[in-house]
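Whatever order the structure lists them in is the order used to number ligands and atoms, beginning at 1. Each residue takes its place number in the sequence, starting with 1.
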Amino acid sequence: MIKIKHILVTGVLSVLMYSCGKDSSSKEKFDYEAQSIKDNELIVKFLKKHYFDEKEGALKPLADGKTAIFNETEKLKKQEVKEDDVNYTLYYYVEREGVSSKGNPTIVDSVFVKYNGVRILDEDKLSESFDKQEAPMWFTLSQVLKNGKIDGGVIKGWSYGFTHFKGGKNVTKNSSITYEDGGKGILFIPSGLAYKNSRTSSIPENSCLVFYIDLWDHTENTDGDNDNIPSIKEDLNRDKNLLNDDTDKDKVPNFLDTDDDGDGKLTKDEDANGDGDPTNDFSDPKKPTVPDYLNRDIY
Ligand SMILES: [Ca+2]
Ligand SMILES: [Ca+2]
Ligand SMILES: [Ca+2]
Ligand SMILES: [Ca+2]
């Protein structure tokens, strides 16, 4: 009798463990491509069933005499993006592009923004706000170093989305910072360019997000590691992925690495001609096209 009980217990345990194992392996095999297609269908349906109410600055269910946002072809644009071999479509609505003479931020610049984030619950409905920032705040659109570790930074939908807008005019008087005519619009972000199949405290997995955004300003040529080379120029292979450029293979990507070739001399000091720009110094006659800051033989 006791023996049979023992066998039963073991049997139950192994089933539990097996199903745990199965769960984690099915998570690894998550079909991002299928989710991307599903998300795109949902976003398109949503765009066809809503219009943008300019007075209230909000998306509303389509009503008589209104134009679905999907058909506002002058203002609604899309960007095809490839991330980890999966194709995504990001939609963005440009209510106002912005007037800043600095032009558009790059995917790695820092931006000064206000926002309100909601989720698409279904094609007919948005959630309540899950995150709202009414006073503008600075964000870097790339990953950042936090306590020596690489932090994921903002969602990819933001990195790409903000590059379609410009900041405004700084009209600050007294102490309260104010900008006029900054970029203003809406980002429609598939889950794969947001939190993917993981959840946060306020957002379930596989959520398509909608952000009402105001871009007030950005830092031109944001330099993530202060080595006098703008982050965007440390994307050596120009694939818009800054994480796969690591010249000295020290697991710190160049845009966050203060000594890119690992020769012990800081990149900002590998500036033979002293013009403050380490990208135009080529001291090695054997490697005339390799700048000193990427050449271990020169230090
Ligand atoms: Ca660097
Ligand atoms: Ca160096
Ligand atoms: Ca130089
Ligand atoms: Ca060097």
Side-chain angles (χ1 to χ4, degrees), residues 81-85 98-113 137-156 158-170 183 215-299:
V81 171
K82 198 166 196 167
E83 285 276 330
D84 300 326
D85 278 333
V99 297
S100 171
S101 58
K102 291 180 182 176
N104 304 71
T106 71
I107 53 162
V108 290
D109 280 340
S110 297
V111 293
F112 192 47
V113 299
M137 261 181 81
W138 283 100
F139 292 90
T140 301
L141 296 177
S142 66
Q143 296 80 5
V144 291
L145 270 190
K146 247 186 204 167
N147 306 323
K149 284 192 177 151
I150 299 170
D151 184 88
V154 302
I155 56 172
K156 285 290 177 172
W158 269 42
S159 307
Y160 292 110
F162 279 102
T163 65
H164 302 290
F165 295 85
K166 295 173 187 171
K169 271 194 307 252
N170 189 342
L215 175 58
W216 278 18
D217 199 3
H218 83 270
T219 304
E220 285 174 283
N221 296 319
T222 298
D223 181 358
D225 53 9
N226 291 314
D227 65 357
N228 290 345
I229 303 176
S231 294
I232 194 73
K233 286 193 179 165
E234 299 216 47
D235 180 17
L236 296 173
N237 59 10
R238 300 211 179 128
D239 67 348
K240 295 195 174 178
N241 177 3
L242 284 272
L243 296 176
N244 62 14
D245 302 272
D246 181 13
T247 300
D248 58 8
K249 307 262 187 295
D250 66 351
K251 306 246 163 68
V252 180
N254 285 12
F255 81 109
L256 299 174
D257 192 345
T258 54
D259 178 9
D260 292 294
D261 57 5
D263 62 2
K265 187 168 181 179
L266 293 177
T267 290
K268 69 177 166 57
D269 297 329
E270 299 217 45
D271 179 22
N273 64 11
D275 69 348
D277 175 5
T279 66
N280 60 10
D281 304 274
F282 304 87
S283 309
D284 189 348
K286 278 176 279 173
K287 295 180 193 164
T289 59
V290 181
D292 298 348
Y293 84 99
L294 297 177
N295 185 346
R296 281 185 69 88
D297 299 334
I298 304 292
Y299 51 87

So which protein N/O/S atoms does the Ca ion (ligand 2) have within less than 3.0 Å?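 Per the 3.0 Å query on the Ca ion (ligand 2), atoms found are D259 OD1, D261 OD1, D263 OD1, K265 O, E270 OE2.
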Mind listing the closest non-hydrogen atom pair of T247 and L294 along with its distance?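 Residues T247 and L294, closest heavy atoms: OG1-CD2, 3.4 Å.
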Which atoms form the tightest heavy-atom contact between D225 and N254, and what is the distance?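 Closest approach of D225 to N254: OD2-O, 2.9 Å.
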Carefully, step by step, assess N228 and D271 under the rule side-chain hydrogen bond (donor to acceptor under 3.5 Å, both in side chains). CA-CA 10 Å; N228 290 345; D271 179 22; 6.0 Å; no
Taking the side chain as every heavy atom from C-beta outward, state whether D227 and E234 have any pair of such atoms under 4.5 Å apart.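 Yes - at least one pair of side-chain heavy atoms lies under 4.5 Å apart.
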More than 12 heavy atoms of other residues, nucleotides or ligands under 6.0 Å from CG of D239: is that the case?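 Check passes, neighbour count above 12.
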Does a sphere of radius 6.0 Å around NZ in K265 hold more than 12 heavy atoms from other residues, nucleotides or ligands, not counting ones at 6.0 Å or beyond?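 Yes, NZ of K265 has more than 12 neighbouring heavy atoms, counting only those of other groups under 6.0 Å.
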Of D235, I229, I232, L243, which meets side-chain contact (heavy atoms from CB on, under 4.5 Å) against F255?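 Passing option: L243.
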Assess whether a salt bridge exists between K102 and D217, defined as any Lys/Arg side-chain N lying under 4.0 Å from an Asp/Glu carboxylate O.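 Between D217 and K102 there is a salt bridge, with a charged N closer than 4.0 Å to a carboxylate O.
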When the ring planes of F112 and W138 are compared, do they come out parallel, tilted or perpendicular, using 30° and 60° as the limits?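 The arrangement is parallel - the two ring planes meet at less than 30°.
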Mind checking how many protein N/O/S atoms fall short of 3.0 Å from the Ca ion (ligand 3)?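 My tally for this metal is 7.
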